[in-house]
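Just so we're clear, the structure is a prediction, and the values are computed from it rather than from any experiment. The basis for the numbers below is simple: all heavy atoms, side chains too, and nothing from hydrogens, waters or symmetry mates.
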Amino acid sequence: MSSYCLKYEKGDEVRYISHLDFLRCINRAIKRSALPVSYSQGFNPHTIMTVALPASVGTTSGAELMKVSFDEELTADIVRDKLNANLPKGLHIIKAVKDDDNTIKFSKINMCDFIVKAETETEIDIDVDAFLSLNEIVINKRTKSGEKQEDIKAAIYALEVVERDGLTYTFKMRLAAGSVYNLKSATVIAAMEKYIEGFKVSFMQEHRLALMCDGKELM
């Protein structure tokens, strides 16, 4: 059995498909490609495949990661090219790397970079430094036991305005991500609406730039 880590793009065409639909799509592409994919044992065998921290529905990305195992030794280029030939528009394998020794560990992911475009209701000057200098940034979070308050300041590693065009602001964010804690960019925008006077977003769109471990991109 050989294992390959794949870095892939998720474009506008597939931004609204669910994770389950994505898995179905990948499985169909593997079958059409005739690649010798490995299956689990048991009554209901399934493709041996792992996806790292799937992007939220509605999010585009240039840095999604997944691992797939095959029964035969293949070159990384063959895996990439055969899958790309059978994937729909909007999904594209950027890079494939052989990873039999599990060097690329998805469990190490602890932060993500995002580009977020937010259209505001009124034109204002946004002081990001003042927002980040607050002693705490508290949001209301819904849990199974009800609503509770949570300070998300420590989970915002970086935040800056990279472009402004009238009512549209483009932010770059580096946020906590992974199994320990996962902060969504929409939550940061909601916190900014709470703490920045006059900042009210009518529409936002996010694009994931990178999955990282301690500031270094995983692949």
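- Contact of the F106 side chain with the V51 side chain is not registered, since no non-hydrogen atoms from C-beta on lie closer than 4.5 Å.
- Within the 4.5 Å cutoff, side-chain heavy atoms of D125 are placed close to those of R164.
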| request: Please test K105 against D99 for salt bridge (charged side-chain N to carboxylate O under 4.0 Å, His left out), starting from the C-alpha separation and ending with a verdict. | output: CA-CA 10 Å; K105 296 184 183 295; D99 191 39; over 6 Å; no
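- For the pair K10 and E64, the salt-bridge criterion is not met [side-chain N within less than 4.0 Å of a carboxylate O].
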| said: Between S2 and D100, is the side-chain hydrogen bond (donor to acceptor under 3.5 Å, both in side chains) condition met? List the steps. | reply: CA-CA 6 Å; S2 56; D100 288 343; 5.0 Å; no
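- In K95, the NZ atom is not crowded: 12 or fewer heavy atoms of neighbouring residues, nucleotides or ligands sit closer than 6.0 Å.
- By the 4.5 Å heavy-atom criterion applied to side chains, Y169 and E123 are counted as neighbours.
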| task | Could you please spell out the steps behind the side chain to side chain contact (heavy atoms under 4.5 Å, CB included) verdict for L23 and M49? | result | CA-CA 9 Å; L23 293 177; M49 178 172 60; 3.9 Å; yes
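- Residues T170 and V161 form no side-chain contact, since every pair of their non-hydrogen atoms from C-beta on lies 4.5 Å or further apart.
- Here F131 and F199 keep their ring centres 6.0 angstrom or further from each other.
- Within the 4.5 Å cutoff, no side-chain heavy atoms of V188 are placed close to those of V116.
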| task | Kindly indicate, with the supporting measurements, whether the criterion side-chain hydrogen bond (donor to acceptor under 3.5 Å, both in side chains) is fulfilled by E121 and S202. | result | CA-CA 6 Å; E121 294 181 355; S202 56; 5.7 Å; no
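- Between F171 atom CZ and L159 atom CG the span is 6.5 Å, to the nearest 0.5 Å.
- Taken from CD in E9 to CD1 in I93, the straight-line distance is 9.5 Å, to the nearest 0.5 Å.
- N110 places a side-chain heavy atom less than 4.5 Å from the side chain of D214.
- A donor-acceptor distance shorter than 3.5 angstrom exists from the side chain of K67 to the backbone of I104, with no hydrogens or angles considered.
- Between K184 and E206, no side-chain nitrogen of the basic residue sits less than 4.0 Å from a carboxylate oxygen of the acidic one, so the salt-bridge criterion is not met.
- Side-chain contact check for D101 and T103: at least one donor-acceptor pair (N or O, by modelled atom type) lies under 3.5 Å.
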